[in-house]
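Only a predicted model underlies this, so the values are computations on that prediction, with no experimental measurement involved.
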Amino acid sequence: MTNPTIKATSSDDIAGLQAVLDGTELFPSEMLPDMLAPALASETEAFWLTCHYGGEAVGLCYTVPEELTDGTWNMLALAVRPDLQGKQLGTALVCATERRLKDNRQRILIVDTSGTDDFALTRKFYVRNGYEDVARIRDFWAAGDDKVIFRKAL
């Protein structure tokens, strides 16, 4: 296979990214077109990046500015097709996101995830990519499911 290509998400990517969402269950794939619409119409600062691998859209990253802050952004969604996880495609998406923000002189990127055992590999992924575990909100998602917040200075 070829190296991954990361670029701004286009409407041509929707079907492939819906398959990614169906495989990862990050959120319902039928929500994607409406979620993408403002970015595709250039109506928001928020941005979506797509990872193409072997000619297919196989991963996504969605990042938004944090309101009322100076240069702080939140990576709200990151997903790679399950059969391609472990091939550094998620890292490629994160690096491309960070590069875009650095190029625009932004300061901080945060990301949050679940504190449950099911998300232990996700938390390790962020640590391996230079993110610092900075906060935990107990029982945020549900009873016994903490919100864990990671931060990286850009």
query: Checking side chain to side chain contact (heavy atoms under 4.5 Å, CB included) for the pair Glu56/Arg81: CA distance, chi angles, key distance, verdict?
result: CA-CA 10 Å; Glu56 298 179 64; Arg81 204 171 73 195; 3.2 Å; yes
query: Of the non-hydrogen atoms in Ala46 and Ala39, which two are nearest, and what is the gap between them?
result: O-CB, 4.1 Å
Hey, quick one: are [X] and [Y] part of the same hydrophobic cluster, counting side-chain heavy atoms closer than 4.5 Å, chains of contacts allowed?
X	Y	answer
Val111	Val80	yes
Ile14	Val58	no
Leu109	Tyr62	no
Leu101	Trp48	no

Could you go through residues 134-149 and list every donor-acceptor pair under 3.5 Å that involves a side-chain atom there, pairing it with any protein atom two or more places apart or in another chain?
{"from": "Arg136", "atom 1": "NH1", "to": "Asp146", "atom 2": "OD2", "distance (Å)": "3.0"}
{"from": "Arg138", "atom 1": "NH1", "to": "Asp146", "atom 2": "OD2", "distance (Å)": "2.6"}
{"from": "Asp139", "atom 1": "OD1", "to": "Gly144", "atom 2": "N", "distance (Å)": "2.6"}
{"from": "Trp141", "atom 1": "NE1", "to": "Asp146", "atom 2": "O", "distance (Å)": "3.4"}
{"from": "Asp145", "atom 1": "OD1", "to": "Ser114", "atom 2": "OG", "distance (Å)": "2.5"}
{"from": "Asp146", "atom 1": "OD1", "to": "Asp139", "atom 2": "N", "distance (Å)": "2.9"}

From [X] [atom1] over to [Y] [atom2], what is the distance, rounded to the nearest 0.5 angstrom?
X	Y	atom1	atom2	value
Phe125	Thr113	CZ	OG1	11.0 Å
Gln88	Asn3	CD	CG	12.0 Å
Gln85	Leu121	CD	CG	9.5 Å
Arg100	Cys61	CZ	SG	10.5 Å
Cys95	Leu49	SG	CG	11.5 Å
Thr9	Leu40	OG1	CG	7.5 Å

Mind checking whether [X] and [Y] have side chains closer than 4.5 Å, heavy atoms only?
X	Y	result
Leu89	Leu93	no
Arg123	Asp133	no
Leu84	Lys87	yes
Ile108	Arg151	yes
Glu66	Asn74	yes
Val94	Tyr131	yes

task: Take Val127 and Phe150 through the side chain to side chain contact (heavy atoms under 4.5 Å, CB included) test and state the conclusion after the steps.
output: CA-CA 8 Å; Val127 170; Phe150 290 86; 3.8 Å; yes
task: Determine, step by step, whether Ile110 and Met75 satisfy the side chain to side chain contact (heavy atoms under 4.5 Å, CB included) criterion, reporting the C-alpha distance in whole Å, the side-chain angles of both residues, the deciding distance to 0.1 Å, and the verdict.
output: CA-CA 6 Å; Ile110 61 171; Met75 190 182 335; over 6 Å; no
task: For the pair Thr72 (side chain) and Thr69 (backbone), establish whether a donor and an acceptor sit closer than 3.5 Å, ignoring hydrogens and angles.
output: no
- prompt: Counting N and O atoms only, with roles assigned by atom type, does the side chain of Lys152 sit under 3.5 Å from a partner on the main chain of Asn129, one being a donor and the other an acceptor?
  reply: yes
[X], [atom1]: over 12 other non-hydrogen atoms inside 6.0 angstrom:
X	atom1	result
Glu67	CD	no
Asp103	CG	yes
Glu45	CD	no

field: Residues forming a side-chain contact (heavy atoms from CB on, under 4.5 Å) with Ala37, sequence neighbours excluded
entry: none
field: side chain to side chain contact (heavy atoms under 4.5 Å, CB included) assessment of Tyr126 paired with Thr122
entry: CA-CA 7 Å; Tyr126 289 117; Thr122 300; 3.5 Å; yes
Can you give each donor-acceptor pair under 3.5 Å made by side-chain atoms of residues 15-36, sequence neighbours left out, with the distance rounded to 0.1 Å?
{"from": "Gln18", "atom 1": "NE2", "to": "Ser29", "atom 2": "O", "distance (Å)": "3.0"}
{"from": "Asp22", "atom 1": "OD1", "to": "Ser29", "atom 2": "OG", "distance (Å)": "2.7"}
{"from": "Thr24", "atom 1": "OG1", "to": "Val20", "atom 2": "O", "distance (Å)": "3.0"}
{"from": "Thr24", "atom 1": "OG1", "to": "Leu26", "atom 2": "N", "distance (Å)": "3.4"}

